[in-house]
Number of protein chains: 2
Amino acid sequence: MVSIKDIASEAGVSVCTVSLVMNNKYHHRVSNGVAQHVRDVAQAMGYKPNSVARTLRTGRSHTLGFITDEIVTSPYAGRVLQGAQEAARRLGYVCLVANTNYDSQMESQEINALRRYNVDGFLYALMYHRTVDIPSSLANSPIVVADGEDAAGRKPSIFPDDELAGYDATNRLIKAGCRRIVYFGSETMIIAQRDRYAGYRRALKDGGIPFDESLVINVLESTNAADEAKRMFDEIRPDGIFCFNDVRATFIYEEARRRGIQIGTDVSVISIDNQPFIIEVLKPSLTTLELPHYAMGFEAVRQLVSIIDGEDAVSVLHDECVEQISAQDDTKTAMRCSIIERNSIVT
Amino acid sequence: MVSIKDIASEAGVSVCTVSLVMNNKYHHRVSNGVAQHVRDVAQAMGYKPNSVARTLRTGRSHTLGFITDEIVTSPYAGRVLQGAQEAARRLGYVCLVANTNYDSQMESQEINALRRYNVDGFLYALMYHRTVDIPSSLANSPIVVADGEDAAGRKPSIFPDDELAGYDATNRLIKAGCRRIVYFGSETMIIAQRDRYAGYRRALKDGGIPFDESLVINVLESTNAADEAKRMFDEIRPDGIFCFNDVRATFIYEEARRRGIQIGTDVSVISIDNQPFIIEVLKPSLTTLELPHYAMGFEAVRQLVSIIDGEDAVSVLHDECVEQISAQDDTKTAMRCSIIERNSIVT
DNA sequence: CTGAAAGCGCTTACAG
DNA sequence: CTGAAAGCGCTTACAG
């Protein structure tokens, strides 16, 4: 590895001059001629700055700790990491990943390990939208939560706008002419359920469709989803069905097929997730909303680096992904899900 | 941050004594009493060694560069990263991840970035089993390929034993009494297709079942899979079907349902992938083999660190994941897929 | 405009 | 058994 010292002696200047030039801080301190010469020599010798030495000296590592419960194993949320990584790359940062496996002992071990490497900040990424307690050891570090919300409401948190997703999905059905719209939701009381349901109700209201409690069916994938799909077709006979997620939509598809009901012709279906493999398998193809995983990772890093380096530092990202923000306050950023049009809605 | 110097002055010894003690190199060099005292002081002051300083001094960072084409976005292969990470954690390493997005310019940019951080070695992880050309800039670094094979055959490569998977799957059907076994394969000529097919033939041979070319149906998911499933039931009437992957199995399920053929009763089906979401949806539940993603990541790190630090250093991992190795030579390590028994095979 | 020097926190010969 | 000192590659006041 060629060092600043090698260049200095080769170029016949001091190491400090080289350092100044390489960091573009030579303005009015090193003459242009010398600067150019130093750059040429560095180029010729294939100089690559040593981040480790710089980190030791400056205390800044340009390194981000990406902590996650198990996001990496999730079939779809790995995109959070990808978005984070892309933003980090563009900003001259690099991500150190740590998986906690929902184990708080492992978590603190990993946080300690990351600290030894002098990470400048942390990303705390979750598997799905929920509130979390940020470990107290992280309380004083720059940190941004991705796909979740700080329970204490203090740390910036980026998450999907599930209310809007529910609204957009329901509204899409209304625009297609549906009037009897079932919400095929989740019995588990997670944020996504609460908010998507709220969005469903708001869309009905805006559309002038009276809310009918009997059209709300909350099921569990593993137990009563199939039975309730059956009951729904028997008793409710909806013209539109908004499913909490793609997996639930498969039960609707299954039951419709059994009865010879054509989705996309006799009844409209929309859901949320745009799950690979499921969407490949369903016929007709499923219109669904995609969670903004990539955008959340990207935006989380944008905000994190802006905390670390200031707002100016992230201007190179322009406003990428920013247009996906649907609501924002001091600490919370909600991001819009995008609709993927396919063929499960009557035209 | 408390440093070695703080401890030294607090404990009334020199920094070198502290260093020796903290690194457990004090045997016959520092008295036990002093050593214990130093440890106590360090403990009390909450000392955490600074990896960055150590790296600068020793040239060793205990950091691994995890380079991947897009593994992180894959619905299932993120487990490679998880396995790698767990092994790294246990060995005192940490992973820096870089996504190349199949872009060789971005790849070399990322490799350079990782080098500046002094990574001790690289993991080159792929999305699926194939051969790759290792970038020449990596030729002289410790590197291990995960879920792929170095085209040049020089660098250690860990990949699934697809031949054995084909053998095990087919054999499972034979053991269930099947004699007319269709291979419902892939038209794409990837390694997995070549090897699983070879395993299918070997199992037939071992089972004393004559090979019949008309039982081999290679399809594309996106185009002719459904038609060929139809033709298969019409013309071939198999008693067992070995599917290249779970997605292909869904076409078999679909066609069987249409005809009132009961999978698991009238015909046996087995496949490969154990894909979440697909397996949740299919009824009866699908017996399938799981690719050793986690084990490949784990084993890749084990081999990489043994290159960097020597065989002894990885003994703390004992033989975890090693029992999954099915074949091995100088540079290649094939790992066994494990069968997940469910209800799609006639008992 | 340029250089000599200190120092980030550690490790490791070397001397005693 | 213990310490003083050099040095890893960089940055940054300070002096000129």
Side-chain angles (χ1 to χ4, degrees), chain A residues 1-39 41-42 45-63 92 112-113 115-120 309, chain B residues 1-39 41-42 45-63 92 112-113 115-120 309:
Chain A
M1 284 293 290
V2 14
S3 78
I4 217 178
K5 207 162 133 193
D6 302 324
I7 298 172
S9 69
E10 180 71 20
V13 297
S14 73
V15 291
C16 99
T17 299
V18 176
S19 175
L20 257 17
V21 172
M22 297 317 291
N23 288 299
N24 280 312
K25 291 185 179 166
Y26 63 93
H27 197 57
H28 288 306
R29 307 194 57 186
V30 178
S31 68
N32 284 328
V34 172
Q36 191 52 52
H37 181 222
V38 167
R39 270 192 298 263
V41 171
M45 297 178 77
Y47 173 69
K48 298 272 180 291
N50 180 323
S51 299
V52 175
R54 173 181 296 169
T55 299
L56 182 59
R57 176 61 226 240
T58 63
R60 291 288 323 287
S61 67
H62 291 270
T63 267
N112 275 332
R115 276 203 192 290
R116 291 199 189 102
Y117 284 98
N118 256 301
V119 294
D120 296 327
D309 293 329
Chain B
M1 283 293 291
V2 14
S3 78
I4 219 179
K5 209 162 133 192
D6 302 323
I7 298 172
S9 69
E10 180 71 20
V13 298
S14 73
V15 292
C16 100
T17 300
V18 177
S19 174
L20 255 18
V21 172
M22 297 317 290
N23 289 298
N24 281 312
K25 291 186 180 165
Y26 64 94
H27 197 56
H28 287 307
R29 307 195 59 188
V30 179
S31 68
N32 284 328
V34 171
Q36 192 53 52
H37 181 225
V38 168
R39 269 192 298 261
V41 171
M45 299 179 75
Y47 173 68
K48 299 271 180 293
N50 180 322
S51 299
V52 175
R54 175 182 292 168
T55 299
L56 182 58
R57 177 61 228 239
T58 63
R60 290 288 323 286
S61 66
H62 292 271
T63 267
N112 275 331
R115 276 202 193 290
R116 291 199 190 104
Y117 285 97
N118 256 302
V119 295
D120 296 328
D309 293 328

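So you know, we letter chains A, B, ... as the sequences are listed, proteins then strands, and number each from 1.
- A straight line from NZ of B:K5 to P of C:dT11 spans 15 Å, rounded to a whole angstrom.
- The residue A:T58 sits close only to the backbone: its heavy atoms come under 4.0 Å of sugar-phosphate atoms, none of a base.
- Atom NE2 of A:H37 and atom C1' of C:dC1 are 17 Å apart (whole Å).
- Residues A:V34 and A:V38 meet the side-chain proximity criterion, which asks for heavy atoms closer than 4.5 Å.
- Checking B:K48 against A:A35, the closest nucleotide of DNA chain C that is more toward the 5' end is the one next to A:A35.
- As rounded to whole Å, 10 Å separates atom C1' of D:dG9 from atom CE of A:M1.
- Residue B:D6 comes nearest to B:M1 through the heavy atom pair OD2-O, 4.0 Å, listed as atom of the first residue, atom of the second, then distance.
- Each of C:dC8, D:dT11, C:dT11 was ranked by its minimum atom distance to the side chain of B:R54; first place goes to C:dT11.
- Put simply, CE on A:M22 is 15 Å from P on D:dT12, counting in whole angstrom units.
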For DNA chain D, produce a single dot-bracket line, 5' to 3'. Pairs: Watson-Crick or G-U wobble, both distances under 3.5 Å. Symbols: ( ) within strand, [ ] crossing, | other strand, . unpaired. |||.||||||||.|||
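- A:M45 places a side-chain heavy atom less than 4.5 Å from the side chain of A:E10.
- The side chain of A:V34 approaches C:dT2 more closely than any other nucleotide in the set C:dT2, D:dC10, D:dT2.
- In this model, the phosphate group of C:dT2 is not approached by any side-chain N or O of A:S14 to a distance below 4.0 Å at OP1 or OP2.
- Here the shortest heavy-atom pairing between B:R54 and B:N23 reads NH2-OD1, 3.2 Å.
- Although no hydrogens or angles enter the test, the distance criterion places no donor-acceptor pair under 3.5 Å between the side chain of B:S19 and the main chain of B:V15.
- Of the candidate nucleotides D:dA5, D:dA6, D:dT12, D:dA6 has the atom lying nearest to any side-chain atom of B:R57.
- A close approach under 4.0 Å does not occur between any side-chain nitrogen or oxygen of B:Y117 and OP1 or OP2 of D:dG9.
- Note on A:S3: every side-chain N or O is 4.0 Å or more away from OP1 and OP2 of D:dG9.
- B:L20 has its CG atom 15 Å from the P atom of C:dC14, to the nearest Å.
- Taking NE2 from B:H62 and CG from B:D309, the interatomic distance works out to 6.0 Å, rounded to the nearest 0.5 Å.
- The phosphate of C:dT11 has OP1 or OP2 within less than 4.0 Å of a side-chain N or O from B:N23.
- A straight line from CZ of B:R60 to C1' of D:dG7 spans 19 Å, rounded to a whole angstrom.
- The interatomic distance linking A:N32 (CG) with C:dT2 (P) rounds to 10 Å, in whole Å.
- Listed pair B:T17 / D:dG3 meets the phosphate criterion, a side-chain N or O lying under 4.0 Å from OP1 or OP2.
- For the residue pair B:V21 and B:A35, the shortest heavy atom distance occurs at CG1-O, 3.7 Å.
- With a 4.5 Å cut-off on side-chain heavy atoms, B:T63 and B:N118 do not count as touching.
- Side chain of B:S31, nearest nucleotide from D:dG7, D:dT12, D:dT2: D:dT2.
- Side-chain atoms of B:V15 lie closest to C:dT11 of the nucleotides D:dT11, C:dT11, C:dC8.
- Residue B:L56 contributes atom CG, which lies 14 Å from atom C1' of C:dT12 at whole-angstrom precision.
- Using a 4.0 Å heavy-atom cutoff across all strands shown, A:V13 reaches sugar-phosphate atoms only and no base atom.
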